[in-house]
Engineer: 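I have a structure here, written as structure tokens, and I will follow up with some questions on it.
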There are 2 protein chains.
Amino acid sequence: MQVNNLETLFKKTLATSKLTAKQQAVLQVSLNLFSEQGFDGTSTSEIAKAAGVSEGTVFKQFKTKAGILEALLNPVLDDVLPMAAGEFLTEMNQSDLPNFQQLLQYMIADRMKFVLENQKQIRVFAQEIIRNPKIIQTLQVRAAAMIKGEAGDFLQQYKDSGQLVDWPSGRIIQYLLGTIISYVAPQVLLVPTKDFDIQQASTEAAEFLARGLAPQN
Amino acid sequence: MQVNNLETLFKKTLATSKLTAKQQAVLQVSLNLFSEQGFDGTSTSEIAKAAGVSEGTVFKQFKTKAGILEALLNPVLDDVLPMAAGEFLTEMNQSDLPNFQQLLQYMIADRMKFVLENQKQIRVFAQEIIRNPKIIQTLQVRAAAMIKGEAGDFLQQYKDSGQLVDWPSGRIIQYLLGTIISYVAPQVLLVPTKDFDIQQASTEAAEFLARGLAPQN
DNA sequence: ATTAATTAAGTAAGTAGTCGCTCACTAAGA
DNA sequence: TCTTAGTGAGCGACTACTTACTTAATTAAT
């Protein structure tokens with residue numbers, strides 16, 4: 001498990017960007033305002049005021065308002081799909097195929113953590129996927145490729161070893177995503193509760209999914 | 001099962017509203033544009049042009065742009081939570097407690113149908129719950145009351161009769177919602193596919209949920 | 001000295017809404 | 001039956017900003 005801090009994605013973006021302090025302020029403030037008010041509901045004038053810069057500065061680096069949005073969303077798009085399955089194994093320090101429920105719990109915790117640490121980006125992302133279907137189409141194509149490739153092979157090992165029901169891999173991934181979303185959505189949509197326990201939530205979710213995805217009797 | 005037609009919610013709203021033809025056009029066009037471009041991304045000028053009315057007409061009945069949004073959303077808010085559990089029984093023509101998986105399948109199909117028939121409103125609704133947390137708070141309060149009341153009692157009957165795992169009812173409802181969302185989200189977010197088979201999808205979902213929610217061994 | 005970052009005034013278009021007016025319809029009164 | 005007053009729908013010009021962006025000048029960094 002990576003040692004992540006709150007909003008690690010955004011901080012990573014800033015750390016690698018070589019942006020001036022003012023440009024970083026523009027990005028930070030834009031993230032806050034977009035996640036609260038929406039992209040169209042936020043004006044460049046507002047961004048400038050909140051960042052303590054002139055309105056011209058808002059456009060210097062990012063050229064357009066949409067350029068700011070792109071700078072905020074691209075890291076999310078890169079990371080929102082889970083990392084390759086093999087990397088989970090490496091992080092779990094397992095050379096062998098782990099117990100399926102354990103793997104589930106690990107993966108679920110990882111994705112929950114990702115969402116909870118990057119809530120503002122996820123909010124902006126969620127608004128944008130509704131307004132701009134191309135984004136979700138791109139992700140769908142990526143997800144399909146993963147399912148046909150390494151992730152599908154990975155799941156197949158579990159099916160072959162009698163730990164996983166022999167349903168299409170896409171269907172299995174779908175339920176995984178649906179269950180994770182059912183836990184994280186309240187945190188993203190409402191004032192997040194400080195007492196969300198990733199360990200407990202992911203254990204519960206893994207328990208449910210392991211039962212639902214157990215091989216046929 | 002009610003005999004519903006496509007976008008029955010919107011049509012029902014129109015049929016009961018006594019709006020003039022022009023006002024109905026304003027509503028229809030607003031629904032289309034809001035669902036595609038977002039509320040803030042749609043101007044009243046655009047609405048007027050698309051509806052073939054003057055801009056003053058847009059404001060005549062609904063007073064403000066937000067008034068149009070409210071007129072579109074209120075029917076969704078009234079109907080988006082499932083009807084009381086007892087009404088499912090009446091519609092299934094069962095006086096006895098039905099088999100749990102059958103009930104699941106019925107309820108899932110009902111909710112899927114609701115979403116698919118009202119896709120534009122659901123899109124508008126989805127955008128709005130991100131921008132305006134009060135909406136989802138209100139629904140959460142309603143859902144909690146249902147879980148404490150009739151729906152919770154209803155699930156308890158299944159727990160008592162050994163058909164349902166003894167988990168908190170909120171947790172069970174959560175998984176139900178998450179699984180339904182995993183099926184309908186692609187339809188709402190992307191160009192809907194004409195070949196979405198509610199019967200098959202709801203049967204699959206009920207199968208998975210019945211397994212995941214079966215009593216402990 | 002040169003380059004990059006920033007400013008603040010300005011631009012052209014856009015925005016939600018206002019308001020006086022016209023028209024159509026209906027009901028009441030002569 | 002005809003006339004008048006009242007009411008509601010709709011129009012389109014107008015109002016008072018607001019918006020994303022531009023640009024020449026200034027400041028800061030190298």
Engineer: Between P on dT26(D) and NZ on Lys60(A), what's the gap in Å once rounded to a whole number?
Structural biologist: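 Going from NZ in Lys60(A) over to P in dT26(D) covers 17 Å.
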Engineer: Just compare dA20(D), dC11(D), dA8(C) and give me whichever is closest to any side-chain atom of Ser43(A).
Structural biologist: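 The answer is dA20(D).
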Engineer: Do Gln127(B) and Gln127(A) come close enough that some side-chain heavy atom pair is under 4.5 Å?
Structural biologist: no
Engineer: Report the distance from atom NZ of Lys49(B) to atom P of dA16(C), rounded to the nearest whole Å.
Structural biologist: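 After rounding, the reported distance stands at 11 Å.
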Engineer: With no hydrogens and no angle check, just 3.5 Å: does a side-chain donor-acceptor pair link Lys49(A) and Ser45(A)?
Structural biologist: yes
Engineer: Mind calculating the distance between CD (Gln24(B)) and C1' (dG10(D)) to the nearest angstrom?
Structural biologist: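 Checked: the CD to C1' distance equals 16 Å.
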Engineer: Would you mind telling me which of Lys113(A), Glu207(A), Gln105(A) makes a side chain to side chain donor-acceptor pair (under 3.5 Å) with Ser202(A)?
Structural biologist: Gln105(A)
Engineer: When you measure from the centre of the six-membered ring of Phe34(B), is the NZ or CZ of Lys120(B) under 6.0 Å away and within 45° of the axis?
Structural biologist: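 No, Lys120(B) does not lie over the aromatic ring of Phe34(B).
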Engineer: Return the value, rounded to whole Å, for the distance between atom CG of Leu33(A) and atom P of dT19(D).
Structural biologist: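 These atoms are roughly 12 Å apart.
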Engineer: When the distance from CG of Asp40(A) to C1' of dG14(C) is rounded to whole Å, what number comes out?
Structural biologist: 13 Å
Engineer: Between P on dG10(D) and CZ on Phe62(B), what's the gap in Å once rounded to a whole number?
Structural biologist: 10 Å
Engineer: Go through the side-chain N and O atoms of Tyr175(B) and Tyr175(A) and say whether any donor and acceptor fall under 3.5 Å apart.
Structural biologist: no
Engineer: Side chains of Ser54(B) and Thr57(B): is there a donor and an acceptor less than 3.5 Å apart?
Structural biologist: yes
Engineer: To the nearest angstrom, how far is Glu46(A) atom CD from dA20(D) atom C1'?
Structural biologist: 13 Å
Engineer: Under 4.0 Å from OP1 or OP2 of dG10(D): is there any side-chain N or O of Thr20(B) that close?
Structural biologist: yes
Engineer: Expressed in angstrom and rounded to an integer, what is the separation of Lys22(B) atom NZ from dG8(D) atom P?
Structural biologist: 19 Å
Engineer: Can you list the steps and then say if Ile172(B) with Leu176(B) is a side chain to side chain contact (heavy atoms under 4.5 Å, CB included)?
Structural biologist: CA-CA 6 Å; Ile172(B) 291 165; Leu176(B) 177 63; 5.7 Å; no
Engineer: Would you mind classifying the nucleic acid contact of Val58(A) as base, sugar-phosphate or nothing, using non-hydrogen atoms under 4.0 angstrom?
Structural biologist: nothing
Engineer: Compare side-chain N and O positions of Thr57(B) against OP1 and OP2 of dC11(D) and report whether any pair is under 4.0 Å apart.
Structural biologist: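 So the side chain of Thr57(B) is within the cut-off, an N or O lying under 4.0 Å from OP1 or OP2 of dC11(D).
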Engineer: Look at the side-chain N and O atoms of Gln23(A) and state whether any lies under 4.0 Å from the OP1 or OP2 oxygen of dT6(C).
Structural biologist: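 So the side-chain polar atoms of Gln23(A) do come within 4.0 Å of the phosphate oxygens OP1 or OP2 of dT6(C), strictly under.
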Engineer: Kindly give the atom pairs (protein nitrogen or oxygen, nucleotide nitrogen or oxygen) under 3.5 Å for nucleotides 17-26 of chain C.
Structural biologist:
unit_1: dG17(C); atom_1: OP2; unit_2: Lys65(B); atom_2: N; d: 2.7

